[in-house]
**Q** 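The structure follows.
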Amino acid sequence: MLQIYNTLTKEKAPFQPIEAGKIKMYVCGMTVYDYCHIGHARVMVSFDLITRYLRSRGWEVEYVRNITDVDDKIINRAAENGEAAIDLSERMIAAMHEDEAKLNVLRPSQEPKATAHIDSIQALIQTLIEKGFAYPAANGDVYYRVEKFATYGQLTNKNVDELRAGARIEVNEAKESPLDFVLWKGAKEGEVSWESPWGAGRPGWHIECSAMSKCCLGATFDIHGGGPDLPFPHHENEIAQSEAANGVKYVNTWMHAGAVRVNSEKMSKSLGNFFTIRDVLEKYDAEVVRMFLSSVHYRSYIDYSEESLKEARSKLDRFYQALNDIEVSEPDTDNDYQQRFDAAMDDDFNTPQAFAVMFELVNELNTAKRDNSVKAASLAAQLKHLGGVLGLLQQHPADFLQGEAKEGGLSNDAIETLIQQRADAKANKDYAESDRIRDELAAQGVILKDSREGTSWYRES
RNA sequence: GGCGCGAUGGCAGAGUGGUUAUGCAGCGGACUGCAACUCCGUGAACGCCGGUUCGAUUCCGACUCGCGCCUCCA
């Protein structure tokens, strides 16, 4: 029985979709004004892994992740660059898709863009105005009337009185209350805008998600996910908008990924301590990065450091060493690894536990490789299958282990030539020479492994 | 100040009211010409103080420390 931790109730609960066998999931995506960083990657990988697992268990998953392609930040950045906002956002969307592909993140079922949903956004705002939950202000903006929504703050345990008392924002004359947030922003001179009953303008951030999720999934759906900084105010506001407008419960299960930290601080744009996915992929293999992001439970924070990435690399090395030099047949049903793996993942997607099961499998596989090739081949298939559910272990082991030739490093051909010379020396029992060649390769980061079948090699990470 | 989360062996990181996490590193052994890979064995932990219990790292309470959100941020 699948259990998922729900941010709304703050407990793990058995998961039951609205429609049997089908899961409707919406995850907040990027605001495309810059390259994605590792924090974004964590959300992408976490929900990708969750989607892959759910599908592996036979659920149909309709996975929607939006793209915020109109926003102050995009407008400002585009102006700085001297380019049109649309050009910037299109460029960043393309970059995001490249980054995702490298991390083996599957594309969501739908990726709605805010600019393609202006009509539904306006319709939603209109409904909120008609129901008294929103009001057009004198400055051309439309605001949400927070204090009208009785259960505001349910997701993050906020209460309106304390929020009002602690409001840091200077009072905006146009707002009835400092807590009110903007649904529609009146256009300033020269900005991209759309006509509306309240004047030219563009949508506020929160309303986009309410509108797009309703369009793509309906007024009520199963899972809503996002990053660690979204529960307040973004998701709180989505609940207020959607439930006030639709009159039904918005989301059954809220899921939030943990933060990526650097030196014990959250990695974020506002702190300026972020690494883009591109930066990281220059240094580390994409599958290593994916392994790193999967190696901790999705709700816990994770520390980005040289050491963590190295550790992820050694875990993959162990998996791929086990898969190396062996035939892969069909998974054996005569073991309980699959069942234990599923049990771990059913428990709120406990990937560390799932990896523990896989490592036990590796141990049995390595033992079987010595004298039972039939069993080994089927265990290898089982391992590769489980890895596949997590979006890992699908490369040829030798390709992964050998890695790419580094700048100025030895080419594969050069390595093979040296290995042949060493084999000749060994055949002549000239161990001094064979060791010299091995040391020479080691100095270049190439490790040799002799076996009955010959010598294989891999590059150190 | 309000609302949450966390504190596990040298490091990373799951989990459990009494029993092996797992990976890396360490130690002893096997394999190997020597290594590497691999295998076998092994040492090592549950922040602090109380309480509940036959028994708590696990449940409850206080404390200390760390982190996140309360403002745009994944």
Side-chain angles (χ1 to χ4, degrees), chain A residues 7 10 27-31 33-34 36-47 65 71-73 153 155-159 161-163 165-169 181 205 225-234 236 256-261 264-272 274 291-292 295-297 299-303 305 307-308 310-319 321-322 324-325 344 347 350-360 362-370 401 426 429-432 434-435 438-439 441-442 446-452 455-458:
Chain A
T7 311
K10 282 153 200 73
V27 174
C28 289
M30 313 318 143
T31 300
Y33 71 102
D34 203 346
C36 294
H37 58 61
I38 290 293
H40 297 116
R42 183 163 196 203
V43 173
M44 292 171 171
V45 169
S46 295
F47 286 99
R65 194 186 60 203
D71 173 87
D72 286 347
K73 290 190 162 113
L155 181 65
T156 53
N157 288 348
K158 304 276 187 243
N159 93 51
D161 293 334
E162 277 165 6
L163 284 173
R168 295 186 227 164
I169 326 131
F181 58 90
W205 178 37
D229 34 21
L230 295 186
F232 191 91
H234 187 237
E236 205 70 79
H256 293 96
V260 177
R261 290 195 200 168
S264 304
E265 259 190 337
K266 191 180 82 157
M267 178 185 293
S268 75
K269 295 261 173 129
S270 47
L271 290 171
F274 62 92
M291 180 75 209
F292 160 68
S295 59
V296 174
H297 185 92
R299 279 191 283 120
S300 307
Y301 67 81
I302 186 170
D303 271 303
S305 68
E307 214 180 7
S308 324
K310 267 200 171 142
E311 206 163 301
R313 168 80 205 193
S314 53
K315 285 177 182 174
L316 281 178
D317 279 345
R318 184 158 166 81
F319 284 133
Q321 287 282 11
N324 204 11
D325 303 324
D347 183 14
N350 192 335
T351 48
Q353 186 63 50
F355 284 124
V357 172
M358 289 167 69
F359 281 119
E360 287 183 41
V362 164
N363 182 264
E364 190 178 347
L365 165 56
N366 283 332
T367 301
K369 273 168 97 169
R370 302 180 155 192
L401 293 168
K426 273 179 70 174
K429 299 247 193 284
D430 183 354
Y431 294 123
S434 71
D435 287 354
R438 187 171 63 198
D439 291 345
L441 285 165
V446 176
I447 309 297
L448 302 187
K449 176 178 155 190
D450 294 335
S451 69
R452 275 171 300 217
T455 299
S456 59
W457 60 275
Y458 56 95

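Convention: sequence-line order gives letters A, B, ...; per-chain numbering from 1. Fair warning: this is a prediction, and the values are worked out from it, not measured in the lab.
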**Q** When we call it a touch if two heavy atoms are under 4.0 Å apart, what does A:Ser456 touch: a base, just sugar-phosphate, or nothing?
**A**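 Contact class for A:Ser456: none.
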**Q** Does B:C39 have its OP1 or OP2 closer than 4.0 Å to a side-chain nitrogen or oxygen of A:Arg318?
**A**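 So the side-chain polar atoms of A:Arg318 do come within 4.0 Å of the phosphate oxygens OP1 or OP2 of B:C39, strictly under.
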**Q** Please determine, for the side chain of A:Tyr458, which listed nucleotide (B:G4, B:A36, B:C39) has the closest atom?
**A**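 Ranking B:G4, B:A36, B:C39 by closest atom to the A:Tyr458 side chain puts B:A36 first.
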**Q** Please work out which of the three classes, parallel, tilted or perpendicular, describes the rings of A:Phe319 and A:Phe359, given edges at 30° and 60°.
**A**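 Answer is parallel, since the angle falls under 30°.
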**Q** Do the side chain of A:Arg438 and the base of B:C34 come within less than 3.5 angstrom through a donor-acceptor pair of N or O atoms?
**A**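 Such a pair is found, so the answer is yes.
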**Q** Will you find, in the side chains of A:Ser308 and A:Asp303, an N or O donor that is under 3.5 Å from an N or O acceptor?
**A**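 Not at all, the side chains of A:Ser308 and A:Asp303 share no donor-acceptor pair under 3.5 Å.
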**Q** Is any side-chain N or O of A:Ser451 closer than 4.0 Å to OP1 or OP2 of B:U38?
**A**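 Answer no for this pair, as no side-chain N or O of A:Ser451 is under 4.0 Å from OP1 or OP2.
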**Q** If you pin A:Glu364 and A:Tyr301 to their nearest nucleotides in RNA chain B, which one's is more 5'?
**A**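 On the 5' side of the pair lies A:Tyr301.
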**Q** Starting the side chain at C-beta, find the nucleotide from B:U22, B:G15, B:A74 nearest to A:His37.
**A**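 Looking only at side-chain atoms, A:His37 lies closest to B:A74.
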**Q** Pick the closest RNA chain B nucleotide for A:Thr156 and for A:Ile447 by heavy atoms, then say which residue is nearer the 5' end.
**A**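 It is A:Thr156, whose closest nucleotide lies nearer the 5' terminus.
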**Q** Measure from the side-chain heavy atoms of A:Val296 and tell me the nearest of B:C39, B:C72, B:A14.
**A**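 When the side chain of A:Val296 is considered, B:A14 is the closest of B:C39, B:C72, B:A14.
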**Q** Report yes if a donor N or O on one partner sits less than 3.5 Å from an acceptor N or O on the other, where the partners are the side chain of A:Glu311 and the base of B:G23; otherwise report no.
**A**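 Such a pair exists between side chain and base.
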**Q** Can you see whether A:Tyr33 has A:Lys269 sitting over its ring - NZ or CZ less than 6.0 Å from the centre and within 45° of the normal?
**A**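 Yes, a cation-pi geometry.
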**Q** Is the shortest side-chain heavy-atom distance between A:Lys266 and A:Val260 below 4.5 Å?
**A**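 No; the side chains remain at least 4.5 Å from each other.
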**Q** Test the A:Lys158-A:Phe232 pair against the cation-pi criterion, namely NZ or CZ under 6.0 angstrom from the six-membered ring centroid and within 45° of the ring axis.
**A**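 Verdict for A:Phe232: a cation-pi partner in A:Lys158.
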**Q** Can a side chain N or O of A:Asn159 be found less than 4.0 Å away from OP1 or OP2 on B:G2?
**A**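 No, no such contact exists.
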**Q** Quick check, does A:Phe355 stack with B:G23? I mean ring centres under 5.5 Å and planes off by under 30°.
**A**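 Given the distance and angle limits, no, they do not stack.
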**Q** Do A:Asn350 and B:G15 have a side chain to base donor-acceptor pair shorter than 3.5 Å?
**A**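 Per atom types, no contact qualifies.
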**Q** Taking 4.0 Å as the cut-off, does a side-chain nitrogen or oxygen of A:Lys369 come that near to OP1 or OP2 on B:C39?
**A**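 Result: no.
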**Q** Quick check: any donor-acceptor pair below 3.5 Å linking the side-chain of A:Arg42 to the base of B:A74?
**A**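 Result: no qualifying N/O pair found.
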